[in-house]
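Everything numeric in this text was worked out from a predicted model, so none of it was measured. Each chain gets a letter, A, B and so on, in the order its sequence line appears, and its residues count up from 1.
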Amino acid sequence: NAGVTQTPKFRVLKTGQSMTLLCAQDMNHEYMYWYRQDPGMGLRLIHYSVGEGTTAKGEVPDGYNVSRLKKQNFLLGLESAAPSQTSVYFCASRRGAYETQYFGPGTRLLVL
Amino acid sequence: GIQVEQSPPDLILQEGANSTLRCNFSDSVNNLQWFHQNPWGQLINLFYIPSGTKQNGRLSATTVATERYSLLYISSSQTTDSGVYFCAVARDNFNKFYFGSGTKLNVKP
């Protein structure tokens with residue numbers, strides 16, 4: 001039982017490049033989340049999903065897109081990376097509305 | 001969104017000391033969680049506590065939802081308790097979580 005995994009762990013992009021971050025969970029959780037964490041700050045919600053095929057915007061969705069084609073996977077896409085998207089990205093999942101979140105190890109992204 | 005304020009922002013303790021961390025939030029919530037981010041960046045669940053009191057070993061938490069605050073107590077602190085403690089809250093739809101800026105704890109041997 002691996003829990004929540006994230007791929008890649010670290011990535012460097014040039015401004016304007018695109019990439020996809022993968023989050024996978026093996027706990028059969030319905031809800032999945034993408035957050036970003038900037039230095040000295042708490043996490044901010046980018047997008048979330050309450051089930052396979054559903055997505056919704058969080059607090060800071062601009063510049064990101066997501067997809068949840070399979071229940072176990074939640075993809076975060078950056079179509080045209082900007083230096084302001086330099087951050088640590090965390091994925092989380094939980095079983096239901098009254099359950100706690102479980103976090104992945106994070107992806108460190110540097111946009112030059 | 002919901003404003004979440006955590007205090008103190010920084011805390012230095014000697015090993016064995018006790019501490020209380022506070023989380024204030026600006027609106028009614030249905031979901032409140034406490035997390036510990038260790039020095040390697042990993043986020044670890046501590047408590048799911050929308051109301052009431054819970055205890056887990058040396059840690060306990062109390063949420064008074066009607067007064068919009070939650071407290072995290074750490075007793076007999078250890079160096080492994082170092083890191084940043086976050087409070088996260090969500091309201092009606094249970095999914096838009098708002099995090100505080102955290103309390104950075106440094107426990108010295």
Roughly how far apart are [X] [atom1] and [Y] [atom2], rounded to 0.5 Å?
{"X": "A/Phe103", "Y": "B/Ile44", "atom1": "CZ", "atom2": "CD1", "result": "11.5 Å"}
{"X": "A/Glu59", "Y": "B/Ile2", "atom1": "CD", "atom2": "CD1", "result": "10.0 Å"}
{"X": "A/Asp38", "Y": "B/Ser101", "atom1": "CG", "atom2": "OG", "result": "11.0 Å"}
{"X": "A/Tyr98", "Y": "B/Asn30", "atom1": "OH", "atom2": "CG", "result": "6.5 Å"}

Shared ILVMFWY cluster between [X] and [Y], side chains joined below 4.5 angstrom?
{"X": "B/Tyr69", "Y": "B/Val4", "answer": "no"}
{"X": "B/Leu43", "Y": "A/Leu21", "answer": "no"}
{"X": "B/Tyr85", "Y": "B/Val107", "answer": "yes"}
{"X": "A/Leu45", "Y": "A/Met32", "answer": "no"}

request  = With a 4.5 angstrom heavy-atom cut-off, could you sort out which part of A/Val88 is near chain B: side chain, backbone, both or neither?
outcome  = neither
key: Structural part of A/Gln101 lying under 4.5 Å from a heavy atom of chain B   = both
ask   = How far apart are the closest heavy atoms of A/Glu99 and B/Gln33, and which atoms are they?
value = O-NE2, 3.5 Å
ask   = Taking all non-hydrogen atoms of both residues, which atom of B/Lys96 and which atom of A/Lys57 are closest, and how far apart?
value =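 Smallest heavy-atom distance, with atoms named: CE-O, 3.2 Å.
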task = With a 4.5 angstrom heavy-atom cut-off, could you sort out which part of B/Gln6 is near chain A: side chain, backbone, both or neither?
result = neither
Should we say atom [atom1] of [X] is surrounded by more than 12 heavy atoms from elsewhere, each under 6.0 Å from it?
{"X": "B/Glu5", "atom1": "CD", "result": "no"}
{"X": "B/Arg58", "atom1": "CZ", "result": "yes"}
{"X": "B/Lys104", "atom1": "NZ", "result": "no"}
{"X": "A/Arg108", "atom1": "CZ", "result": "no"}
{"X": "B/Glu15", "atom1": "CD", "result": "yes"}

task = Report the C-alpha separation of B/Asn31 and A/Arg94 in whole Å, then their side-chain angles, then the decisive distance to 0.1 Å, and conclude whether the side-chain contact (heavy atoms from CB on, under 4.5 Å) test is met.
result = CA-CA 13 Å; B/Asn31 195 316; A/Arg94 62 180 182 146; 3.0 Å; yes
key: Within-4.5 Å side-chain heavy-atom neighbours: B/Gln42 and A/Phe90   =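 No, side chains not in contact.
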key: Any A/Tyr35 side-chain heavy atom under 4.5 Å of B/Phe99 side chain   =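 Counting from C-beta outward, A/Tyr35 and B/Phe99 do come under 4.5 Å.
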message = I need the residue from B/Phe35, B/Phe86, B/Tyr48, B/Tyr98 with the largest number of non-hydrogen atom pairs under 4.5 Å to chain A.
response =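 Ranked by heavy-atom pairs under 4.5 Å with chain A, first place is B/Tyr48.
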